[in-house]
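Scroll down for the structure; my scribbles are underneath it.
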Amino acid sequence: MYQSIGHDNSEKKWAKWGLASSVIANVALAGAVCMVAFGNTEPTLESTAMRVAPQVAPMVHIAPRNVFQGANFRRNLRVNAEESLGFTGYIPYPDTTGASLTPLPALQDKSPYSAELQQTAAAIVADGKGILACDESTKTIGKRLEQIGVPNEETYRRQWRELFFRTPNMNEAISSAILYEETLFQNAEDGTPFVDIMKANNVIPGIKVDTGVRATFMDGETITEGIDGLAERAAKYYKQGARFAKWRGVLRIDPNGAPSMEAIEGNARALAQYGKICQMNGLVPIIEPEVLMDGAHGIEVQRWVTEKVQAATMKALSDVNIEWEGMLLKPNMILPGTDSGKTASPEDVAKNTVEGLMRTLPAAVPGITFLSGGQSEEEATRNLNAMNKLYPNAPWKLSFSFGRALQASVLKAWDGKTENVEAAQKLFYALSKANGDASLGKFEGEHPATTGSLYEKNYVY
Ligand code: 13P
């Protein structure tokens, strides 16, 4: 399809110029040979080439540049490409890879849920509030439960999650929670659907919609999948009460060349397609291009790579005409690689993270909900606090969507025992308040966490 573009009038012009230039080239070549033949110079390959070359580079020198690269030519390319896809007004211009020709039928339309998306996004990042990310896959939550000797069975997964949703006054600092599909359709022990408990507590349900990662050609790199059937699933999730969604793209830094262009572009495009499909079905997409902190690199490299990944993601989002006001970004904070032996102060983390985002993220996006990415609960809170303290006038809300950094101490406190539920809930409330305060730049004093580093190499959610 891509190769068929350009079969138009401009191609005939190319043919004419080709003919003219080949005549000129041949005349010039004959002249040069005569000069060599009638002069006393031996016609070496080198001397011939040197004398002939300036006269025989006809295509580029003779033909005016704008014949090949001018506005008409580009417009024709675009019109042909659009026609070949059966719609118009979508493709801004064909890019060098042809990737912007990927057909995304009808995705240029504005979402019928546009106003609602904006309201939902604003509510998720309301002052002093953030997201509880408890959308671990069954396999990952199994690893957590195993730490406290609890079997990975539906009953226990339900008990664990119910503990959060029934925490008194949870919504003072938690606006919303991301759920795994099982939880979205699950009932509490007394038969009440979890979504009803959440709604009654003024907590917005969200849903993880990616289906996991596929390995790419570069060792250890992945592209996140889940586009097939996503529109239908999104509509079903909306009907069940979900109002936002999450998709995690994972990039890693490796001196052997990761992240590769394939991984950056592939994940960016998948995030954009997911984002657009969710918006069309009423779900605010949380766009999560996570650059892992695994590696021996310094903070500068983490920042540089993260900026490149974010910029590619924004380009892909723009290509699908995302409604910026109806999405949220969930990036990694910028820290030195975990194997670098270096640490960074909250101020350093804040400066690198926010300054990087200022270069990549449109101000129209209402909020940033950071992942914790393996930082300790305390580190994540203090780094978020520093961002809000140093950048009180940032164009977006700087908030949280923590998984490990909101659950680790709570899991330890619960220990799988009913008699510990209340104490665990109190701890969860205290942790969420600490982060709510940090999202206002007002956290100070002791941190309630009882665990240290939560880092896991090559983390799978
Ligand atoms: P962490 O805060 O544990 O990194 O998880 C957040 C998340 O949702 C990752 O997708």
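Being a predicted model, the structure only gives us computed values, none of them experimental. Atoms within a ligand are numbered from 1 in the order they appear, just like the ligands themselves.
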I want to confirm something. Looking only at heavy atoms, which of K330, R248, K208 is nearest to atom 7 (C) of ligand 1? K330
As a check for students: among S372, C134, A133, identify the option with a heavy atom nearest to atom 1 (P) of ligand 1.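 Shortest heavy-atom distance from atom 1 (P) of ligand 1: S372.
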Residue, atom and distance of the protein heavy atom nearest atom 5 (O) of ligand 1 read Y461 CE1, 3.2 Å
Give the residue, atom name and distance (to 0.1 Å) of the protein heavy atom nearest atom 9 (C) of ligand 1.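 The closest heavy atom on the protein side is E288 OE2, 3.1 Å.
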Fit a plane to each ring of F428 and F164, take the angle between them on a 0 to 90° scale, and name the class: parallel (under 30°), tilted (30 to 60°) or perpendicular (over 60°). perpendicular
Run the salt bridge (Lys or Arg N to Asp or Glu O under 4.0 Å) test on E355 and R303 for me, step by step, so that the C-alpha distance in whole Å, both residues' side-chain angles and the decisive distance to 0.1 Å come before the verdict. CA-CA 9 Å; E355 285 183 5; R303 173 168 168 178; 3.7 Å; yes
Quick one: does R404 get an N or O within less than 3.5 Å of an N or O on ligand 1?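 The answer is yes, given that R404 and ligand 1 share an N or O pair closer than 3.5 Å.
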Would you say ligand 1 has an N or O under 3.5 Å from any N or O of F402?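 No; every N/O pair is 3.5 Å or more apart.
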Residue-level breakdown please: for K246 versus ligand 1, do any non-hydrogen atoms fall below 4.0 Å on the side chain, on the backbone, on both, or on neither? side chain
Under-4.0 Å heavy-atom contact with ligand 1, by part of A405 that carries it: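 No part of A405 is near ligand 1 at this cut-off.
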[Y] versus [X], side-chain donor and acceptor atoms under 3.5 Å:
| X | Y | answer |
| --- | --- | --- |
| E221 | S260 | yes |
| T381 | N435 | yes |
| E154 | Q186 | yes |

Atom indices of ligand 1, in the order listed, that fall short of 4.0 Å to a heavy atom of S401: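 Contacts of ligand 1 toward S401, numbered from 1: 6 (C).
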As an exercise, identify every atom of ligand 1 less than 4.0 angstrom from a heavy atom of G373.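 Those of ligand 1 that fall under 4.0 Å from G373 are 1 (P), 2 (O), 4 (O).
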Is the charged tip of R157 near the ring of Y180: under 6.0 Å from the six-membered ring centre and within 45° of its axis?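 Not satisfied by the 6.0 Å and 45° rule.
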For S175 and V125, indicate whether the former's side chain and the latter's backbone hold a donor-acceptor pair under 3.5 Å.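 Between the backbone of V125 and the side chain of S175 there is no qualifying donor-acceptor contact (under 3.5 Å).
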